[in-house]
Visitor: 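The structure is given below, and queries will be raised subsequently.
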Amino acid sequence: MRGPQLAGLFGKPVQLAHGGSTVANEDYLRESILNPTAKVVAGYQPVMPTFKGQIGEDDLLQLISYIKTLQPAAAAAAGAAGGNPGGMP
Ligand code: HEM
């Protein structure tokens, strides 16, 4: 794996490579796609290419909404099974 897991990322705190942390909101996802080296995730190298100039505003908004829908595999499986282990009621 080259990059961090995007599933379950939205709304979570992110530890940054140069110290401090941020929250993975829409603005952070947008910046991470257009200017990935602005906030590098702790534990990763800044190897992600910029998608600035390659992706239009509509596609960017769609990517951001898609990332928001991604859940970790375990949560997705639990949801599919109708279970809710350890989740909020
Ligand atoms: C459409 C394509 C891509 C999207 C939407 C995307 C999105 C993201 C996002 C949202 C983050 C921040 C993750 C976090 O806070 O946990 C991230 C980080 C990262 N991505 Fe990507 N990425 C893409 C393509 C790539 C590619 C092609 C590579 C490598 C060749 C890559 C490598 C990385 C790495 C190493 C990081 C962590 C370091 C950093 O924060 O810059 N990504 N990516």
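Residues: numbered from 1 along the sequence shown. Start at 1 and go down the list; that is how both ligands and their atoms are numbered.
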Visitor: Which residue holds the protein heavy atom closest to atom 10 (C) of ligand 1, what is that atom called, and what is the gap in Å?
Guide: Leu29 CD2, 3.7 Å

Visitor: State, with a plain yes or no, whether a side-chain heavy atom of Val14 is found less than 4.5 Å away from one of Leu9.
Guide: yes

Visitor: With backbone taken as N, CA, C and O and side chain as the heavy atoms from C-beta onward, which portion of Leu9 lies under 4.0 Å from ligand 1: side chain, backbone, both, or neither?
Guide: side chain

Visitor: As an exercise, state the distance from CZ of Phe10 to OG1 of Thr69, rounded to the nearest 0.5 Å.
Guide: 11.0 Å

Visitor: Should Pro49 be listed as contacting ligand 1, given a heavy-atom distance under 4.0 Å as the test?
Guide: yes

Visitor: Are any N, O or S atoms from Met48 nearer to atom 21 (Fe) of ligand 1 than 2.8 Å?
Guide: yes

Visitor: Taking only heavy atoms of Lys39 into account, list the atoms of ligand 1 that are under 4.0 Å away from them.
Guide: 40 (O)

Visitor: In terms of atom number and element, which parts of ligand 1 are under 4.0 angstrom from non-hydrogen atoms of Gly3?
Guide: 33 (C), 34 (C), 35 (C)

Visitor: Which atoms of ligand 1 sit under 4.0 Å from any heavy atom of Gln45?
Guide: 35 (C), 38 (C)

Visitor: List the closest protein heavy-atom neighbour of atom 40 (O) of ligand 1: residue, atom name, distance to the nearest 0.1 Å.
Guide: Val41 N, 2.9 Å

Visitor: What is the nearest protein non-hydrogen atom to atom 19 (C) of ligand 1, stated with its residue, atom name and distance?
Guide: Pro4 CD, 3.4 Å

Visitor: To the nearest 0.5 Å, what is the distance between CG on Leu60 and NZ on Lys52?
Guide: 11.0 Å

Visitor: Short list, please: which atoms of ligand 1 are under 4.0 Å from a heavy atom of Val47?
Guide: 35 (C)

Visitor: Within a distance under 4.0 Å of any heavy atom of Val40, pick out the atoms of ligand 1 and give their elements.
Guide: 38 (C), 39 (C), 40 (O)

Visitor: Please list, in number order, the atoms of ligand 1 under 4.0 Å from a heavy atom of Val14.
Guide: 15 (O)

Visitor: Pairs in or reaching into residues 13-28: which pass salt bridge (Lys or Arg N to Asp or Glu O under 4.0 Å), with residues at least two apart or in two chains?
Guide: Glu26-Lys68

Visitor: Please write down residue, atom name and distance for the protein heavy atom closest to atom 11 (C) of ligand 1.
Guide: Ser32 CB, 3.9 Å

